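Input: a single structure, listed below in structure tokens.
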There are 2 protein chains.
Amino acid sequence: MADELRDMIDIDRIIHEPARLVIVTILNAVERADFLYLQRETGLTKGNLSSHLTRLEDAGYVTIEKTFEGKTPRTTCRLTDQGRAAFKAYRERLQRAIDAAPAPPDA
Amino acid sequence: MADELRDMIDIDRIIHEPARLVIVTILNAVERADFLYLQRETGLTKGNLSSHLTRLEDAGYVTIEKTFEGKTPRTTCRLTDQGRAAFKAYRERLQRAIDAAPAPPDA
DNA sequence: CAGACTGGTTTGTATCACAAACCGGTTTAT
DNA sequence: ATAAACCGGTTTGTGATACAAACCAGTCTG
């Protein structure tokens, strides 16, 4: 009955972390975003943003592309198909879990 | 515009932890539940469940009542009004955050 | 040339989730 | 009567990790 609830316990922790959830939600909407845009949008410190992005990259959820805009470096992030799918799955699972409610213990 | 998103970053971490989210969702539905019921329902180990309950108690979100059922101890948990309110706020905030999407950076 | 800024990465620390070990008490077996 | 197994949890140890501060390579400005 409440299996949707129990499933919540092994939800994707990569996405579940609030900072990353924000990052992924943005990337899901805009398709590509550079580091500074993400920093402004999230309010995260650079260090924090950097490590979350690395974590998302390691998970295969985002690609990070480094180019030069004239002479200044520029880091562009995109959600991968895998990341997009994971985000979709995350939202669905979370929604089902929060809506789920067990029947009273006995009667 | 996407302030709902940024707000997500300071979402209530007490509730956000998946194991506790499951516990709170159950307690929100059933009004009171004993330790063993929660353990069966969540699939958590005893130690893990115990420490999450303590954490929820410390946060003022649940009350833990110890009684005896004949000769065996029995631990009963309830969501406090504060806990119920926090859960409601959590759900609303999460929902708004997930629905929120920023406009593309420039054009 | 010094100093400040840009665009990040690396390092240190404090927190925390988790399971294993433990514990007081009770029931069952010998 | 004693031991051994079980019940209902709590405490302890540890590995992971979120976060910010410090750092760094390069560029621009006075």
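These figures come from a predicted structure and were not determined experimentally. Protein chains get the first letters and strands the later ones, always in sequence-line order, with residue 1 at the start of each.
For residues 52-71 of chain B, the set of pairs meeting the ring-ring contact (aromatic ring centres under 6.0 Å, His included) definition, not counting sequence neighbours, is empty. The salt bridge (charged side-chain N to carboxylate O under 4.0 Å, His left out) pairs that include a residue from residues 8-28 of chain A are A:Arg13-B:Glu17, A:Glu17-B:Arg13, where partners are two or more places apart or lie in different chains. Applying the salt bridge (charged side-chain N to carboxylate O under 4.0 Å, His left out) test to pairs two or more places apart or on separate chains, none has a residue in residues 46-66 of chain A.
Taking atom CG of residue A:Asp58 and atom P of nucleotide D:dA18, one finds them 12 Å apart after rounding to whole Å. Between the CE atom of B:Met8 and the P atom of D:dA18 there is a distance of 13 Å, rounded to whole Å. Atoms CG (B:Leu36) and P (D:dC6) sit 16 Å apart, rounded to a whole Å. In this structure, A:Arg74 atom CZ and C:dT9 atom P are separated by 15 Å, rounded to whole Å. As rounded to whole Å, 11 Å separates atom C1' of C:dT6 from atom CZ of A:Phe35. In this structure, A:Leu53 atom CG and D:dC19 atom C1' are separated by 14 Å, rounded to whole Å. Going from atom CD of A:Gln39 over to atom C1' of C:dC5 covers 14 Å, rounded to whole Å. Atom CD in B:Glu65 sits roughly 16 Å away from atom C1' in D:dG8 (whole-Å rounding).
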Which pairs, protein N/O on one side and nucleotides 25-27 of chain C N/O on the other, fall under 3.5 Å?
none

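Map B:His52 and A:Asp34 each onto its nearest nucleotide of DNA chain C; the residue landing nearer the 5' end is A:Asp34.
The salt bridge (Lys or Arg N to Asp or Glu O under 4.0 Å) check on A:Arg96 picks up nothing, with sequence neighbours excluded. Legend: residues meeting side chain to side chain contact (heavy atoms under 4.5 Å, CB included) with A:Leu49, ordered by chain and number and at least two apart, are A:Ile23, A:Phe35, A:Leu38, A:Gln39, A:Leu44, A:Leu53. Residues satisfying the side chain to side chain contact (heavy atoms under 4.5 Å, CB included) criterion with A:Thr72, sequence neighbours excluded, are A:Glu69.
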Pair up each side-chain donor or acceptor in residues 82-90 of chain B with any protein partner under 3.5 Å, not counting sequence neighbours, and list the distances.
from    : atom 1 : to      : atom 2 : distance (Å)
B:Arg84 : NH1    : B:Asn28 : O      : 3.2
B:Arg84 : NH1    : B:Asn28 : OD1    : 3.1
B:Arg84 : NH2    : B:Glu31 : OE1    : 3.2
B:Lys88 : NZ     : B:Glu92 : OE2    : 3.3
B:Tyr90 : OH     : B:His16 : ND1    : 2.8

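Of the residues in residues 12-19 of chain A, A:Glu17, A:Ala19 come within less than 4.0 Å of DNA chain D through at least one heavy atom, sorted by number. For residues 43-51 of chain B, proximity to DNA chain D is found at B:Lys46, B:Gly47, B:Ser50, defined as any non-hydrogen atom under 4.0 angstrom from a strand atom.
At D:dT17, one or more side-chain N or O atoms of A:Arg55 fall inside 4.0 Å of OP1 or OP2 (strictly under the cut-off). One finds no side-chain N or O of B:Lys66 lying less than 4.0 angstrom from the OP1 or OP2 phosphate oxygen of C:dG24.
Two residues are said to be in side-chain contact when any heavy atoms from C-beta on lie closer than 4.5 Å; A:Ile26 and B:Leu5 meet this criterion. Side-chain contact check for B:Thr80 versus B:Val62: every heavy-atom pair is 4.5 Å or farther apart. Using a 4.5 Å cut-off on side-chain heavy atoms (C-beta onward), B:Leu94 and B:Met8 make contact.
Between A:Cys77 and A:Leu27, the shortest heavy-atom contact is O-CD2, 3.6 Å.
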